[in-house]
Each structure stands twice: as structure tokens, then as C-alpha cells.
Amino acid sequence: MTQTSGQGRRRVARTRTYLMCPPEYFAVEYAINPWMNPDRPVDTALALRQWHGLRDAFLRLGHAVHLIDPLPGLPDMVFAANGATVIDGQVLGARFRYPQRAAEGPAYLAWFAENGYPATAPRLVNEGQGDIVFDGHTILAGHGFRTDAGIADELGARYGLPVLSLRLVDPRFYHLDTALCVLDADTAAYYPAAFDDASRATLISHFAELIEAKDEDAEVLGLNAVSDGRHVVLPEQAAGLAAQIADNGFEPVPVDMSEFRKAGGGPKCCTLEFAAKIPNPA
């Protein structure tokens, strides 16, 4: 089912704040998702140029970008989205499923604490905004491959917000942010085959408008995108999805993040958003 009634609707951008981590140590040294193959080396210089291109895109759109220093021995620390969940300045740290990434959680939590943010260590395994998405009113919590299903209760207690639990079923889409992009409070793009039946039904009932990504766009991680409510920064290889988004009143901002796809990542994986609640209309 595709719900796309947004033609002609005016989309409104909100200035955002992001945290990013330079890819100084980025490499594919192990395989913890189907995209990773240590026999396919990363072009480090190209990855650095692509990362700077993403950061520059955010700055051109008027957003603020903070940086965390990368640490040696943590090649996936560049994927800042996994480092924490931030809603209205309140931080819940990440706890990673695989030992190769375990040290990233404390590193990100320390950055927030050092910069004056109330930061809480998690009880359960969760991989930050990789699996935890906030639409301005409701938290969407993915599980199935990385994050514990019980994180919904922990999130509800931490933030006092409604939480919808979504189960992922395709290992290629191992994080929620590889299968779903919230474009604004009422609109999302998603890949239906990545979810179980109940989760698809949940998304259909929750969003007024849903854009279904085609196979070819999902398979280049086109949904690993970042929206400010109007502009959508997404992989340039997802041309079909960009056209669908444009047809629904958004402005695609294509970027090349192909080196990061070798590790199962893209624009959103590299971007931790300081999310904020959207006030209800008066």
C-alpha cells in the first residue's frame, strides 16, 4: 500500500543540529552485517571526500554540525547515528550487540556528558538512532537484528513519549534507518519487505503519507537518508526514490556515500541528530 497524497503540499524545513565523526579510521575489518566484506578494501581518501561532501551539504542547508574525535581501533565510529539517542537534549546512550563496536557507546556518552547534556547509560542493547527514530511526537523503535525488543519500555520510561515497536525481518536491513526515513511528522518513506506484517500495518496507520521505496533504491540503502522537513539528503544512487520524494513536495539533495555502503552505511548512519519535539498546533 502506498499513501502519497503530498503533491502540492508545502514542506517546511527546520534547522537541525547534528553530530558527526570524521572517518579517519574507517575500514571494513570484520563482517557483522551482509554488506561487510573485509576482502573489499575501503578507499580511505574517497571515503574522506564523501564524508566531507555530506557535512558540507548540511552546512549549506543551514544546519549546525558538531564533531566527535574518532578513536583508533573503532573503524565504525564514523557511523555516529548509532552512538546515542537524543530527544530534547536528553541522551540515552548506546549499547552495541557486537563486541567489535562495544567501546563506541561509552565514547559517545562521554562526549555528551562533557558537553553538558544529561546522559544516561542504557540497560538494554540498543544501537542508538540506527534503530530509534523520532518523528517529533512518537518514537519508532526497531528490533530484530541489533536492538532488544524491550527497548520500547526503556524509551518510554526515559522520555515519557509514546513508542511504536517495529520488527525488521530482512538481514540486509539490519537497522531501522536502513528501511525507514521519516521525512516530516506526517510522512515517511519505507521499504515494506524489510518489516513483518504487524509492523507494516503499524506504519500504515501511523503516518498520513507513506512512500514505498522500490527494490533497486532500497538495495543501494536509499532510505538511509536525512530530512529536515523539506530537504532530504540521500544516496545519489537512489534516483527513483529521489523522484518519488520530489513528487511529494520534498527537495532531494543527492550525495555519494558509496564507500560507506561497503559497511552497510549511508548519510543517516553518519549523522546523529539532536532531535526535538514538534509543538502541537494551537
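Here the structure is a predicted model, which means the values were calculated and not measured.
His175 places a side-chain heavy atom less than 4.5 Å from the side chain of Asn82. Residues Tyr25 and Leu71 form no side-chain contact, since every pair of their non-hydrogen atoms from C-beta on lies 4.5 Å or further apart. At a threshold of 4.5 Å between non-hydrogen side-chain atoms, the residues Leu223 and Thr178 do not count as touching. Contact check for Asp177 versus Gln129: no side-chain heavy atoms found under the 4.5 Å cut-off. Between Leu210 and Ile204, some side-chain heavy-atom pair lies under the 4.5 Å cut-off. Residues Val28 and Arg40 form no side-chain contact, since every pair of their non-hydrogen atoms from C-beta on lies 4.5 Å or further apart. Considering only heavy atoms from C-beta on, Pro267 comes within 4.5 Å of Pro235 through its side chain. Put simply, the side chain of Leu161 reaches to within 4.5 Å of the side chain of Lys277, judged on heavy atoms.
Heavy atoms only, all atoms of each residue included: Ala141 and Leu155 are closest at CB-CD1, 3.9 Å. When all heavy atoms are compared, the tightest approach of Ala194 to Ala179 is CB-CB, 3.5 Å. Here the closest non-hydrogen pair linking Trp51 and Cys21 is NE1-O, 3.2 Å. Shortest non-hydrogen contact noted between Ala263 and Asn33 is O-ND2, 3.0 Å. Nearest heavy-atom pair, Asp88 versus Ala276, reported as atom, atom and distance to 0.1 Å: OD1-CA, 3.2 Å. Contact between Phe112 and Leu272 at its shortest, heavy atoms only, is CZ-CD2, 4.0 Å.
Between Leu140 and the options Thr202, Leu180, Ile132, a side-chain contact (heavy atoms from CB on, under 4.5 Å) holds for only Leu180. Glu154 pairs with exactly one of Val163, Leu124, Asp148, Asn126 by the side-chain contact (heavy atoms from CB on, under 4.5 Å) rule, that one being Leu124.
In summary, the aromatic rings of Phe26 and Phe79 are positioned with their centroids under 6.0 Å apart. Ring-centre distance between Tyr18 and Phe274: not below the 6.0 Å cut-off.
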* Asked: Does the side chain to side chain contact (heavy atoms under 4.5 Å, CB included) test come out yes or no for His231 and Phe250, once each step is laid out?
  -> CA-CA 6 Å; His231 310 98; Phe250 297 92; over 6 Å; no
* To do: Test Asp228 against Thr15 for side chain to side chain contact (heavy atoms under 4.5 Å, CB included), laying out the working first.
  => CA-CA 7 Å; Asp228 64 11; Thr15 301; over 6 Å; no
* Do Leu241 and Ile245 pass the side chain to side chain contact (heavy atoms under 4.5 Å, CB included) test, and can you show the C-alpha distance, the side-chain angles, and the key distance before you say yes or no? -> CA-CA 6 Å; Leu241 181 60; Ile245 287 170; 3.9 Å; yes
* Evaluate the criterion side chain to side chain contact (heavy atoms under 4.5 Å, CB included) for residue pair Tyr190 and Leu203; output intermediate values, then yes/no. => CA-CA 9 Å; Tyr190 82 129; Leu203 290 168; 3.6 Å; yes
* Where do His66 and Asn115 land on the side chain to side chain donor-acceptor pair (under 3.5 Å) test, with the steps shown first? -> CA-CA 11 Å; His66 299 299; Asn115 284 274; over 6 Å; no
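Side chain of Tyr159 to main chain of Leu92: a donor-acceptor pair is present (N/O by atom type, distance under 3.5 Å, no hydrogens or angles). Not a single donor-acceptor pair under 3.5 Å links the side chain of Tyr174 to the backbone N or O of Ile32. Put simply, the side chain of Asn224 gets close to the backbone of Cys269: a donor and an acceptor are under 3.5 Å apart. Judged by distance alone, with hydrogens and angles left aside, the side-chain atoms of Glu127 form a donor-acceptor pair with the main-chain N or O of Arg97 at under 3.5 Å. In terms of modelled atom types and a separation under 3.5 Å, the side chain of Ser227 and the main chain of Leu183 share a donor-acceptor contact. Checking side-chain atoms of Trp35 against main-chain N and O of Arg172 turns up a donor-acceptor pair under 3.5 Å. Between the side chain of Tyr108 and the backbone N or O of Met77 there is at least one donor-acceptor pair closer than 3.5 Å. Looking at Arg200, its side chain does come within 3.5 Å of a backbone N or O of Pro192 through a donor-acceptor pair. One N or O on the side chain of Arg95 and one on the backbone of Arg123 form a donor-acceptor pair closer than 3.5 Å. Listed for the Asp217 side chain is no donor-acceptor partner under 3.5 Å among the backbone atoms of Ala213.
Under the side-chain hydrogen bond (donor to acceptor under 3.5 Å, both in side chains) criterion, Thr147 pairs with Asp131, sequence neighbours left out. Applying the ring pair (Phe, Tyr, Trp, His ring centres under 6.0 Å) rule to His143 yields no partners; only residues at least two apart in sequence or on another chain are considered. Scored by the side-chain hydrogen bond (donor to acceptor under 3.5 Å, both in side chains) test, Arg55 finds no partners at all (sequence neighbours excluded).
Separating the CZ atom in Phe58 from the OG1 atom in Thr17 is a distance of 12.0 Å, to the nearest 0.5 Å. To the nearest 0.5 Å, atom OG of residue Ser258 and atom CD of residue Gln50 are 4.0 Å apart. Between Phe96 atom CZ and Arg101 atom CZ the span is 4.5 Å, to the nearest 0.5 Å. For the atom pair OG of Ser199 and CG of Leu164, the computed distance is 9.5 Å after rounding to the nearest 0.5 Å. From Gln90, atom CD reaches atom OH of Tyr117 across 11.0 Å, with rounding to the nearest 0.5 Å. We find the CD-CD distance between Gln244 and Glu212 to be 8.5 Å, quoted to the nearest 0.5 Å.
Under the 4.5 Å side-chain heavy-atom criterion for Ile, Leu, Val, Met, Phe, Trp and Tyr, Leu234 and Phe207 are members of the same hydrophobic cluster. Leu221 and Val182 fall within the same hydrophobic cluster, defined by Ile, Leu, Val, Met, Phe, Trp and Tyr side-chain heavy atoms under 4.5 Å apart, directly or through other members. Under the 4.5 Å side-chain heavy-atom criterion for ILVMFWY residues, a single connected hydrophobic cluster contains both Val42 and Met36. Hydrophobic cluster membership differs between Leu166 and Ile151, with clusters built from Ile, Leu, Val, Met, Phe, Trp and Tyr side chains linked at under 4.5 angstrom. Grouping the Ile, Leu, Val, Met, Phe, Trp and Tyr side chains by contacts below 4.5 angstrom, directly or via other members, places Ile211 with Val232.
The list of salt bridge (charged side-chain N to carboxylate O under 4.0 Å, His left out) pairs with a residue in residues 258-274, not counting sequence neighbours, reads Arg16-Glu273, Glu259-Lys262. Identified under the salt bridge (charged side-chain N to carboxylate O under 4.0 Å, His left out) test for residues 57-75, with sequence neighbours left out: none. Residue pairs meeting the salt bridge (charged side-chain N to carboxylate O under 4.0 Å, His left out) criterion with at least one member in residues 248-257, sequence neighbours excluded, are Arg230-Glu251.
Counting heavy-atom neighbours within 6.0 Å of Arg167 CZ, excluding the residue itself, gives a total of 12 or less.
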